[in-house]
Amino acid sequence: MSFRVNQDRLGFELDRFARIGASSEGGVARLAFSPEEREALGQMESLLKAEGLATRRDAIGNLFGRREGAAPGLPALRVGSHLDTVPDGGRFDGALGVIAGLEVVRVLREQGIQTRHPIEVVAFVGEEAARFGMGCLGSRATVGTLNLPRLLAARDLRGISGAEALRQAGLAPEALPSAAQKPREIAAFLELHIEQGRVLEAAQKAIGIVTDVANYTRLHVEVIGRADHSGTTPMPLRRDALAAASEMVLAVEETVTALGQAPSVGTVGVLRVDPGAVNVIPGRAAFEVDVRDIDFDRKARIAQRIQERIAAIAERRGVEVQVAIPSDGHPVPLSATVVETIQKTCEDLDIPAQKMVSGAGHDAMHIAPFAPAGMIFVPSREGRSHSRLEWTDLADLVPGVEVLLETLLQLDKKTTDH
Ligand code: HGY
Ligand code: MN
Ligand code: MN
């Protein structure tokens, strides 16, 4: 199979971006609105400009590179993803999708291909929820669904608010609503992404054709006990907030395991303890629960049962508990037209592919209700991601970029004005 995509050039760009925010242990850290994310966006903007694309940044910092089409007035065919990462993340999550967009426009130039629709390469900001507990900030702003007051008030682990982070990035919080676009501006959106799971590797398939994206319910739990002297307080008199929270964390795992079926999952990734001193019984503990499923009703049952378990543990232990639900999303079906086009492209290119759902959230899930959107997965070694051990061999990335390119060309031929 001869691909038009240049494997060495793809590898060169992945190496380049992996160095931006690189840690000495081989991970990458480019948090939302961080200097590292800004450096990556700036680097990508220069590369898109060098390809002759007109570039722009919107009010939240999303980067768009535009290659004009032959037919004036048609909406853009967009390819892209995100350049931010989780702390100590991998080099592929997000960056692959944006770098693949750069490679697509490079191949179009080399092959002298002129599309009917304009092609836009996009890098959405703040896809990861790692910093502020809410993700897909750039794609939500694009479709006008960003909860701006929540972002402005959110605080990261250093106590910096979303509003301060935006201002430090040179962005005006009050201008963010102007980032919202109109559905007619987008003919379709395609996102190439690593699978971040084990399905393709186990099935020995080169491509995942994503039909649906799971969504999450997030619970913020505050446990209020009583700070006391760790040496003088008898065990029966304690109101230990961390011991109670620890039981609750295990209850999350037990409940998802008991009520869920794959891809039901539940995680507590953040736990804060106050005052956090070795000789003080914790007076407060706060933790974040992330429950995900492709089945909304099952996810609701799991979240409800988790809340019941938390209340019972608090009652038994004599601590107070406050539960907030900042997010409760519906799983998102992707565009059937785009799914079929990806599938036909894989058949035409004779690349082994399978339809699948995504357990991870992505920018495409926020674009999908707004304009036709699709996702193409490539395998992740041992399914590892959100870790410096995230890896996909270059030879396993190239088919994904080729399918992205060919699907775009197929969509360009279709009248995709919706
Ligand atoms: O959290 C997620 O699902 C995605 O990786 N941002
Ligand atoms: Mn991610
Ligand atoms: Mn991602």
Side-chain angles (χ1 to χ4, degrees), residues 14 17-18 21 27-34 36-37 40-41 44 62 79-101 122-140 146 151 189-197 199 208 210 212-219 263-270 288-294 299 326-332 334 356-368 373-380 383-392 397 400 404:
L14 284 163
F17 281 86
V28 182
R30 294 196 294 262
L31 294 186
F33 306 120
S34 65
E36 294 78 15
E37 184 191 40
L41 288 162
M44 181 51 72
N62 292 324
V79 291
S81 189
H82 59 96
L83 289 173
D84 67 308
T85 71
V86 297
D88 197 27
R91 60 166 49 200
F92 300 100
D93 177 0
L96 170 67
V98 185
I99 291 167
V122 59
F124 288 117
V125 299
E127 191 273 351
E128 298 291 357
R131 185 173 182 188
F132 291 110
M134 49 194 292
C136 296
L137 303 173
S139 46
R140 289 178 200 259
L146 176 65
L151 170 61
F189 173 69
L190 280 176
E191 183 169 7
L192 173 67
H193 206 288
I194 50 170
E195 178 199 338
Q196 300 176 297
V199 171
V210 182
D212 302 84
V213 183
N215 212 329
Y216 49 72
T217 299
R218 293 235 166 100
L219 308 178
S264 316
V265 289
T267 315
V268 175
V270 178
E288 315 292 335
V289 184
D290 174 297
V291 179
R292 303 198 190 193
D293 207 324
I294 203 71
K299 177 161 70 72
S327 307
D328 189 14
H330 283 261
V332 178
L334 298 182
M356 61 189 290
V357 301
S358 171
H362 298 286
D363 288 311
M365 72 196 291
H366 297 283
I367 306 297
M375 288 197 80
I376 299 159
F377 275 173
V378 289
S380 294
R384 297 300 301 272
S385 184
H386 282 190
S387 154
R388 68 178 75 141
L389 299 178
E390 180 180 285
W391 187 261
T392 305
L397 297 175
L404 177 74

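Each ligand, and each atom within it, is numbered from 1 in the order the structure gives.
D93 and H386 share a donor-acceptor pair across their side chains, judged by distance under 3.5 Å alone. Using modelled atom types, one finds a donor on one side chain and an acceptor on the other under 3.5 Å when comparing E191 with S81. Side-chain contact of D290 with T267: a donor-acceptor pair under 3.5 Å is absent, judged by distance alone.
Annotation: the span from L137 atom CG to R140 atom CZ amounts to 7.0 Å, rounded to 0.5 Å. The structure places CG of D328 at 11.5 Å from CZ of R218, a figure rounded to the nearest 0.5 Å.
Residues L397 and L14 meet the side-chain proximity criterion, which asks for heavy atoms closer than 4.5 Å. Under the 4.5 Å side-chain criterion, counting only non-hydrogen atoms from C-beta, P331 is not in contact with D293. K299 is not listed as a side-chain neighbour of H330, based on a closest heavy-atom distance of 4.5 Å or more. Proximity of E390 to V28: side-chain heavy atoms (C-beta onward) are nowhere separated by under 4.5 Å.
At a cut-off of 2.8 Å, measuring from the Mn ion (ligand 2), the protein N, O or S atoms that fall short of it are D93 OD2, E128 OE2, H386 NE2, waters left aside.
Between D88 and A29, the closest heavy-atom pair is N-CB, 4.0 Å.
Inclusion of H362 in the first shell of the Mn ion (ligand 3) is not supported: no N, O or S atom falls under 2.8 Å.
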Just list the N/O pairs, ligand 1 to protein, that are under 3.5 Å apart, with the distance for each.
{"unit_1": "ligand 1", "atom_1": "1 (O)", "unit_2": "R292", "atom_2": "NH2", "d": "3.0"}
{"unit_1": "ligand 1", "atom_1": "3 (O)", "unit_2": "R292", "atom_2": "NH1", "d": "2.5"}
{"unit_1": "ligand 1", "atom_1": "3 (O)", "unit_2": "R292", "atom_2": "NH2", "d": "3.4"}
{"unit_1": "ligand 1", "atom_1": "3 (O)", "unit_2": "G361", "atom_2": "N", "d": "2.7"}
{"unit_1": "ligand 1", "atom_1": "5 (O)", "unit_2": "H386", "atom_2": "NE2", "d": "3.1"}
{"unit_1": "ligand 1", "atom_1": "6 (N)", "unit_2": "E127", "atom_2": "OE1", "d": "3.0"}
{"unit_1": "ligand 1", "atom_1": "6 (N)", "unit_2": "E127", "atom_2": "OE2", "d": "3.0"}
{"unit_1": "ligand 1", "atom_1": "6 (N)", "unit_2": "E128", "atom_2": "OE1", "d": "3.0"}

